[in-house]
Amino acid sequence: CYGDGGAIFTTDKKMGSLLRSLRNHGCGTHRYDYIHIGMNSRLDTLQAAILLEKLEIFPQELKRRQEIATFYTQALQNYVPTPTVPAHITHAWGLYTITCPDNRREAIMQFLHQKQIPANVYYHKPLHLQPAYQHFPRASEKLKNAEALCHQVLSLPMHPYLTNDQLEYITYWITKAL
């Protein structure tokens, strides 16, 4: 999509009903009967039109994203922890995120930006520390892994239009930064 949008697939009718409710403000069987805390996750018509066209090339884009993720993993697995996905799972690779060593993320990111590589941090704060979730219970006061990782993770360029030359350039400079 070019903005907000996406999809969830399920064969579970109960889960499908819940998801349809959540996307529409938590609506029940009646339009103004809200049975869940939901959100507005409906597409506008422009996004829907774009998605209808993109669905035609979705299999090719998904395949290319997998190829890119495999390329990153093979090039970087000896340098940094890379994402792993169980063999029976298909991953959409909206992001490809590595874990930077020894609190060096900012320096690595700045180095990559100097090389015109748009590496980014998307989640600076873990969910349990977001103000909107402060009143929700959690297993413990601190979630040390989530809190540590939010200072270490770095997302690399990931879209199906990256060329192999671009991937080689990106991974070359990441390995130099490390």
Side-chain angles (χ1 to χ4, degrees), residues 1 3-28 34-43 62 65-66 68-113 117-160 162 167 170-171 173-178:
C1 218
D4 294 330
I8 298 174
F9 300 92
T10 182
T11 57
D12 183 322
K13 289 183 181 193
K14 187 175 178 182
M15 177 62 71
S17 177
L18 173 62
L19 292 168
R20 281 186 290 282
S21 170
L22 293 174
R23 78 164 182 214
N24 192 16
H25 302 289
C27 186
Y34 300 101
I35 57 175
H36 303 285
I37 298 173
M39 61 206 81
N40 177 3
S41 293
R42 298 165 294 183
L43 291 175
L62 191 60
R65 286 176 177 273
Q66 180 59 57
I68 293 166
T70 299
F71 187 99
Y72 277 147
T73 299
Q74 289 174 350
L76 302 174
Q77 65 188 346
N78 294 328
Y79 296 90
V80 292
T82 55
T84 58
V85 179
H88 66 284
I89 300 293
T90 300
H91 198 298
W93 296 107
L95 298 174
Y96 187 92
T97 304
I98 60 172
T99 304
C100 297
D102 307 322
N103 296 319
R104 294 180 43 216
R105 179 183 68 191
E106 295 306 316
I108 293 168
M109 187 167 53
Q110 287 177 8
F111 178 81
L112 295 175
H113 287 179
I117 298 170
N120 204 352
V121 177
Y122 290 98
Y123 305 103
H124 291 270
K125 188 186 294 187
L127 191 59
H128 71 283
L129 295 180
Q130 296 290 344
Y133 289 90
Q134 290 304 299
H135 64 282
F136 286 96
R138 54 183 175 262
S140 65
E141 208 47 40
K142 290 183 177 266
L143 299 172
K144 65 181 182 176
N145 289 339
E147 291 173 22
L149 284 169
C150 75
H151 299 289
Q152 298 171 335
V153 296
L154 181 63
S155 295
L156 306 180
M158 173 49 91
H159 57 80
L162 286 168
L167 291 171
I170 292 165
T171 55
W173 287 112
I174 291 171
T175 59
K176 292 298 180 194
L178 294 167

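In this structure, Ala177 and Ile108 approach most closely via the heavy-atom pair CB-CG2, 4.1 Å. Residues Thr10 and Asp12 come closest through the heavy atom pair OG1-N, 3.0 Å. For Thr175 against Ala75, the heavy-atom pair with the smallest separation is CG2-O, 4.1 Å. The minimum heavy-atom distance linking Met109 with Asn120 is given by the pair SD-CA, 4.1 Å. When all heavy atoms of Arg23 and Arg20 are compared, the closest pair comes out as CG-O, 3.1 Å.
Counting only heavy atoms from C-beta outward, the side chains of Leu154 and Val80 never approach each other to under 4.5 Å. Looking only at side-chain heavy atoms (C-beta outward), His128 and Glu147 come within less than 4.5 Å of each other. With a 4.5 Å cut-off on side-chain heavy atoms, His113 and Gln110 do not count as touching. At a threshold of 4.5 Å between non-hydrogen side-chain atoms, the residues Ile174 and Ile117 do not count as touching. Counting heavy atoms from C-beta on, the side chains of Ile68 and Tyr96 never come closer than 4.5 Å. Within the 4.5 Å cutoff, side-chain heavy atoms of Pro83 are placed close to those of Trp93.
Judged by distance alone, with hydrogens and angles left aside, the side-chain atoms of Thr99 form no donor-acceptor pair with the main-chain N or O of Val153 at under 3.5 Å. Side-chain N or O atoms of Tyr72 include one that pairs as donor or acceptor with a backbone N or O of Pro157 at under 3.5 Å. A side-chain donor-acceptor contact under 3.5 Å links Ser21 to the backbone of Gly26. At least one donor-acceptor pair closer than 3.5 Å links the side chain of Thr73 to the backbone N or O of Ala69. At distances below 3.5 Å, at least one donor-acceptor pair connects side-chain atoms of Arg105 with backbone N or O atoms of Cys150.
Annotation for Ile8: atom CD1 does not count as buried by contact number, only 12 or fewer foreign heavy atoms lying within 6.0 Å. Within 6.0 Å of OH in Tyr79 there are 12 or fewer heavy atoms belonging to other residues, nucleotides or ligands.
Taking CG of Leu22 as the start and SG of Cys27 as the end, the distance is 11.0 Å to the nearest 0.5 Å. To the nearest 0.5 angstrom, Leu95 atom CG is 6.0 Å from Tyr123 atom OH. To the nearest 0.5 Å, atoms CG (Leu178) and OG1 (Thr171) are separated by 11.0 Å. Atom CD of Gln152 sits about 12.0 Å away from atom CZ of Arg104, to the nearest 0.5 Å. Atom OG1 of Thr84 and atom CD1 of Ile89 lie 11.5 Å apart (nearest 0.5 Å).
Of the N and O atoms on the side chains of Gln74 and Thr70, not one donor lies less than 3.5 Å from an acceptor on the other residue.
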